[in-house]
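Taking it in order: structure first as structure tokens, then the write-up.
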Amino acid sequence: MKLQTTHQHPGAWTPTKNKGLRSIFAIAIVAAIAGSLQAQILEYRFNTSGSTQSSDGSSSQSITTKDGANVNTDYISASTTGVSGLAGDSALDFSSATWQTAGPKGQGAVLSDLNGLSSFTIAGWAKNADTSTNGIGRIFYDSSSGAGIDLLYTTTGSQKQLSLSVNGAAGVASTATQYSGFASSNWTFFAVTYDGSSGAVQFYSGATTGSLTLSTATFGTNPGNVGTIASSFYVGNASTGNRPFDGWLDNFRIYGSTSGTAGILSSTELLDIRNYDFTTVPEPNATAAFFAMGAVLFIVTRRKLGASSFRRASS
């Protein structure tokens with residue numbers, strides 16, 4: 001497994017020629033979020049060319065990228081165009097899409113891992129979203145018969161916001177302009193958390209450095225735990241194929257738990273994940289093994305220091 005650090009990103013990890021130190025830096029970040037990683041279900045880093053993208057989460061369910069005519073198509077960008085700018089780091093480029101017109105999608109399959117989630121977090125990066133015209137684009141869609149999760153991006157006039165719907169309930173949204181950065185050529189980090197016990201939603205956004213901006217919302221009628229979903233899930237579009245996200249996405253992840261709030265990541269954990277994305281570009285399918293090393297370090301640290309701040313219930 002190749003571990004890399006960047007000198008292109010101000011505020012990220014300091015570069016070093018010592019490979020051992022590079023590994024320590026990266027593993028230290030993973031150790032800090034090891035408890036949260038136990039709840040990670042899906043992770044798509046979009047670093048492998050081709051129409052098939054595998055997940056490095058607890059579910060290995062791949063997605064297949066297809067064009068508006070449902071033909072398997074490679075939408076992976078060139079090396080170094082991913083969020084870190086490092087060699088080998090690519091992204092999902094759906095910028096050829098047009099809002100609310102048949103366009104590209106990342107199609108998965110029926111995924112039982114999302115059924116019954118009492119809490120979850122969806123996180124990733126976006127840029128180059130076309131906001132010249134009004135439109136709605138799905139970032140994640142997995143819904144059928146009144147059950148499921150729907151995360152969409154809306155651009156209407158000055159409004160540039162994310163909206164979340166659970167189990168078909170009317171969606172709740174971030175503040176109106178919180179995600180204006182999606183239209184920039186610079187990457188914007190986003191994360192959305194959901195608490196099924198209260199219907200509370202948190203919307204996070206941030207640049208590649210600095211703190212995260214938070215806005216909150218609560219469903220009028222609590223949708224509760226995610227229901228049983230009988231259809232395939234989609235990244236960057238809906239099942240109908242005519243709600244593509246007209247922009248770029250990278251390092252898309254879903255965390256979740258069927259027990260309590262263990263699937264909700266804190267702002268500190270989200271910052272650790274953001275920083276991790278600038279520390280290494282794991283080889284394809286190496287992320288899970290790298291996380292395992294971090295988990296080992298996490299366990300050792302906990303035993304030695306009693307680091308209760310790292311404790312996190314597994315899903």
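Owing to the predicted nature of the structure, the values given are computational and were not obtained by experimental measurement.
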Under 3.5 Å, side chain of Ser62 to main-chain N/O of Gln53, donor-acceptor pair present? no
For the OG atom of Ser165 and the CG atom of Leu151, what is their distance to the nearest 0.5 Å? 10.0 Å
What distance separates Leu162 CG from Ser215 OG, expressed to the nearest 0.5 Å? 9.0 Å
Does the side chain of Gln161 come under 3.5 Å of the side chain of Tyr179 through a donor N or O and an acceptor N or O? no
Sequence-distant partners of Ser198, side-chain hydrogen bond (donor to acceptor under 3.5 Å, both in side chains), two or more places apart: Asp195
Give a yes or no on whether a salt bridge exists between Asp56 and Arg253, defined as a side-chain N under 4.0 angstrom from a carboxylate O. no
Walk me through it: do Ile41 and Ser58 pass the test side chain to side chain contact (heavy atoms under 4.5 Å, CB included)? CA-CA 5 Å; Ile41 298 173; Ser58 61; 4.2 Å; yes
With a 3.5 Å distance limit and no angle check, can you tell me whether Thr65 reaches the backbone of Thr73 through a side-chain donor-acceptor pair? yes
Given side chains that start at C-beta, do those of Leu265 and Ile273 come closer than 4.5 Å, heavy atoms only? yes
For the backbone of Gln178 and the side chain of Ser174, can you confirm whether one donor and one acceptor N or O come within less than 3.5 Å of each other? no
How long is the gap from CH2 on Trp248 to OG1 on Thr188, to the nearest 0.5 Å? 14.5 Å
If we ignore hydrogens and angles and just use 3.5 Å, is the side chain of Asp93 paired with the main-chain N or O of Tyr75 as donor and acceptor? no
Side-chain donor/acceptor of Thr80 to backbone N/O of Leu86, under 3.5 Å: no
Report the distance from atom CD1 of Ile149 to atom CG of Asp142, rounding to the nearest 0.5 Å. 6.5 Å
Does any part of the side chain of Thr213, heavy atoms only, come nearer than 4.5 Å to the side chain of Tyr204, both counted from C-beta? no
Side chain to side chain contact (heavy atoms under 4.5 Å, CB included) between Tyr194 and Val166, intermediate numbers included: CA-CA 9 Å; Tyr194 171 73; Val166 177; 4.0 Å; yes
Check side-chain contact (heavy atoms from CB on, under 4.5 Å) between Ser49 and all other residues, then give those that pass, not counting sequence neighbours. Asp74
One pair to check against side chain to side chain contact (heavy atoms under 4.5 Å, CB included): Val201 and Thr216. What are the steps and the verdict? CA-CA 6 Å; Val201 179; Thr216 60; over 6 Å; no
So Asp277 and Trp125, do their side chains get closer than 4.5 Å, heavy atoms only? yes
Under 3.5 Å donor-acceptor, Ser205 side chain and Phe190 backbone: no
Flag side-chain contact, heavy atom, 4.5 Å: Asp246 against Phe94: no
Without hydrogens or angle criteria, can the side chains of Ser266 and Glu269 be said to hold a donor-acceptor pair below 3.5 Å? yes
Trp187 side chain to Asp250 side chain, donor-acceptor N/O pair below 3.5 angstrom: no
From Ile254 CD1 over to Leu114 CG, what is the distance, rounded to the nearest 0.5 angstrom? 5.5 Å
Check whether Asn237 reaches the backbone of Arg243 with its side chain - one donor and one acceptor, N or O, closer than 3.5 Å. yes
With a 4.5 Å heavy-atom cut-off, do Tyr141 and Val235 have their side chains touching? no
Restricting to pairs with a member in residues 108-126, which pass salt bridge (charged side-chain N to carboxylate O under 4.0 Å, His left out), not counting sequence neighbours? none
Between Thr64 and Gln107, does any side-chain donor sit less than 3.5 Å from a side-chain acceptor? no
Flag side-chain contact, heavy atom, 4.5 Å: Thr48 against Ile76: no
Only distances under 3.5 Å count here; give the side-chain donor-acceptor pairs of residues 225-232 to other protein atoms, sequence neighbours excluded, each with its distance to 0.1 Å.
{"residue": "Ser231", "atom": "OG", "partner": "Ser143", "partner atom": "O", "Å": "3.2"}

Between Gly263 and Ser119, which heavy-atom pair has the shortest distance, and what is it? N-OG, 2.9 Å
Any side-chain heavy-atom pair of Phe203 and Leu214 under 4.5 Å: no
Does any non-hydrogen side-chain atom of Leu270 lie less than 4.5 Å from one of Phe189? yes
Leu249 and Tyr44: same hydrophobic cluster, using ILVMFWY side-chain contacts below 4.5 Å? yes
Could you go step by step and tell me if Thr218 and Val172 meet the side chain to side chain contact (heavy atoms under 4.5 Å, CB included) rule? CA-CA 7 Å; Thr218 302; Val172 296; over 6 Å; no
Residues forming a ring-ring contact (aromatic ring centres under 6.0 Å, His included) with Phe245, sequence neighbours excluded: Tyr153
Indicate the atoms forming the closest heavy-atom contact of Asp130 with Ser132, along with that distance. OD1-OG, 2.6 Å
Do Ser55 and Glu43 have side-chain N/O donor and acceptor atoms under 3.5 Å apart? no
Leu152: hydrophobic cluster co-members (side-chain, 4.5 Å): Ile136
For the residue pair Thr155 and Lys160, what are the closest heavy atoms and their distance? OG1-CE, 3.1 Å
Short side-chain to backbone donor-acceptor contact, Ser77 and Ser90, under 3.5 Å: no
Has Ser95 got a side-chain atom pairing as donor or acceptor with Gly247's backbone, closer than 3.5 angstrom? no
Would a hydrophobic clustering, with Ile, Leu, Val, Met, Phe, Trp and Tyr connected at side-chain separations under 4.5 Å, put Leu42 with Leu164? yes
Non-hydrogen atoms of Ala262 and Ala39 that approach each other most closely: O-CB, 4.2 Å
Using atom types as modelled and distance alone, determine if a side-chain donor or acceptor of Asn222 lies under 3.5 Å from a backbone N or O of Gly199. yes
Common cluster, Phe46/Tyr234, ILVMFWY with side-chain heavy-atom separation under 4.5 Å: no
Between OG1 of Thr131 and CH2 of Trp99, what distance do you get to the nearest 0.5 Å? 8.5 Å
Between Asp89 and Arg45, does any NZ, NE, NH1 or NH2 come within less than 4.0 Å of an OD or OE carboxylate oxygen? no
